[in-house]
**Student:** 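Just passing along the structure, written as structure tokens.
Quick note on labels: first sequence line is chain A, next is B, and so on, each numbered from 1.
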Amino acid sequence: MFRYILLFIINLFVITSIVAADLKPVTIGIVVPIQHRALDEMVDGFKKELIKDYPNKIKFVVQNAQGDINLQRSIIQKFNQDETKLIVAVARPAMQMASTMVTKKPIISLAAALYEEQRQQRSIKNITNVDDESAVIPGINFFFATVPDLHKVTIVHTSADKIMSQLVTFKKMAQEHRIEVQDIMIQQLSELYSASSRIAEDSQAVFILKDNLIASGINTLINIANNRKLPLIASDGATVESGAAFAVGFKEEQIGAEGAKIAARVLKGEDVSTIPVKFLDKKFLFINKEAVQKQNLNLNRIIANAKKYKYEVVVYGVRK
Amino acid sequence: MNLILSTLQQSLLFLPLVIGVYISYRVLAVVDLTVDGTFVLGAAVFAKLVIVNNVDQYVSLVIAVIAGAVIGVLVALMQKGVRINSLLASILMVFMLYSINFKIMDKPNLGFLENKTILMNLQTNNEYLLLLLIVGMALLLLMIFVRLFGSKLGLLLRSYGSNVKLLKSLGKSPTLLLSLGLGFSNGLAAFCGALTAQINGYADLNMGLGMALTAIGAVVMGQHLIGKIIPNNKFNAVLDLSGCVVGGFIYFLAMNLFIHIGIDPVYLKLILGLILVFFLATANYSKRAVGYDSF
């Protein structure tokens, strides 16, 4: 009798241990370099998709470094040392630091400008990336094709790393279309107001890239664009929702969701080093109907062009 | 590596900047925020030379330090030659350094992804050896500056902060001494920037944000704590520089502990700021003369 009881207890212990191990949530550490709406939306997209895609319990630890590199290092160090199973680095500085500091845990970066060739050159390939830059050239092309008779445009930008390389592309494409470019660069948000007053009288439109700092002060540019009936063309949905006329791009949640699909594969046991950089392909045209009207653009022409380029159209009103 | 060892690594890596700020803030008694810019300058020069120009990493490190020191001398000349207030001169220099750093790097961010340096190699392959190397570097730096402050030059630098009139009566040039002091200070900041760029894997135009304040915080906390443990009215280079080590360590330990216990990083700057206010208030820096009672 005693033997049966002992056997029962041992079996019970084994089964409980297995169930407990299975129920223990998997921790995913997400490091975000600065507070920004677009980055938050990426993180939301990541979380929503992963919960859907991965059956086991997940604990998300999202930490924002507030633009402080010492703090960012401490956050990544913590993820590297504790029970975190997978690290998600949002945007380039977080990716660069995580890939230098973490060698034994898988890293998935979102919108971090890490290319497949760069990944292959690394001795330890514990990282892969979801790229969001493939909408830049189509976005500029759509802008030039949609706003009629362009001779001079203004681009307002910061000196952020991704932005400077995209600026070169913009200028090159403008030159090919024989469009003169007025280049206005700001270093701090406080400069945006005075910089926007420098927009040339003969400028026919203002273009902005997916520029985090400019996006935080977008209302300044929207006011000027509406007052002067000057089209303000952006490169992401959130800025259009705020009051820019239109943009070709990806949904931020989509970038996060693609990262989540990779995360699910990694958590199921796939080696991250075998997963190549993911390029998004489904582009959207974001339109703000009221802004289009205020900034003297033709809505029908924009929608017709979107159909021509086969972009799914997302329509916004002005945010209250 | 556990929390204490990784904090030690982080704080010792930051030590050159803390010593740099100690020199300007405590020894020379001038408010110099230029380190925010020279920290980035060191990282930018090092990254550009190693990544783009394929220059030897040790040579690049020396050039980065010299670049920082030259900026320090220029700030001193702005203060003494053109008679610009020390705080304003440093803010102006940080403003100008933004453009200079940008021009040096040609773009706002240079990554070391494909360019391995010795610190990066150690971080990837043997982090304990990296810690040992950083401890060795910190000890060497402390020995150099303990010796410097005990020398005649050190005495003159200290007298700049305590009694400039005495310097003038001795026929010594305050401009020269300020240039030397700020040269050391900003050279150390550039050195710290170059090391940080290697450990973090990139040099970025905005990586200097808040560095001066963090280092001042470390100096204040360290001096206060060491002063409480070993009260001493006379200048003691060993105690003061030990204060720099302790202050840096406490700062990073507090930050890492808060993150480990799960405090939202959004509140971290507020908490660390309040801790700093406490130390500044109890140290009574605002009322006390920066110099020492006697030599």
**Student:** So which of A:Asn64, A:Asp68, A:Asn70 has the largest heavy-atom pair count under 4.5 angstrom toward chain B?
**Tutor:**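 If we count pairs closer than 4.5 Å to chain B, A:Asn70 comes out on top.
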**Student:** Determine whether the aromatic ring centres of B:Tyr202 and B:Phe112 lie less than 6.0 Å apart.
**Tutor:**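 Between B:Tyr202 and B:Phe112, the centre distance exceeds or equals 6.0 Å.
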**Student:** If you tally heavy-atom pairs under 4.5 Å against chain B, which of A:Met164, A:Arg73, A:Gln66, A:Met101 wins?
**Tutor:**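 Option with the top pair count is A:Arg73.
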**Student:** If you define the side chain from C-beta out and look only at heavy atoms, does anything of B:Gln123 sit under 4.5 Å from A:Thr103?
**Tutor:**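 No, every pair of side-chain atoms sits at 4.5 Å or beyond.
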**Student:** Do A:Asp236 and A:Thr239 meet the criterion of a side-chain donor-acceptor pair at a distance under 3.5 Å?
**Tutor:**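 A:Thr239 and A:Asp236 do have a side-chain donor-acceptor pair below 3.5 Å.
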**Student:** Side chain from CB out, backbone as N, CA, C, O: work out which of these in B:Met207 comes under 4.5 Å of a heavy atom of chain A, or both, or neither.
**Tutor:**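 Interface part for B:Met207: both.
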**Student:** Any side-chain donor-acceptor pair under 3.5 Å between B:His260 and A:Asp82?
**Tutor:**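 Short answer, no.
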**Student:** Between B:Met211, B:Gln198, B:Met105, which has the largest tally of heavy atom pairs under 4.5 Å with chain A?
**Tutor:**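 Of the candidates given, the most pairs with chain A belong to B:Met211.
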**Student:** Among B:Thr196, B:Leu209, B:Thr124, which residue has the highest count of heavy-atom pairs closer than 4.5 Å to chain A?
**Tutor:**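 Among the listed options, the one with the most contacts to chain A is B:Thr124.
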**Student:** Would you call A:Lys210 and A:Asp132 a salt bridge, using N to O less than 4.0 angstrom?
**Tutor:**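 Result for this pair is yes, salt bridge flagged.
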**Student:** Pick one of side chain, backbone, both or neither for A:Gln77, based on which atoms fall under 4.5 Å of a heavy atom in chain B.
**Tutor:**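 Contact with chain B: side chain only.
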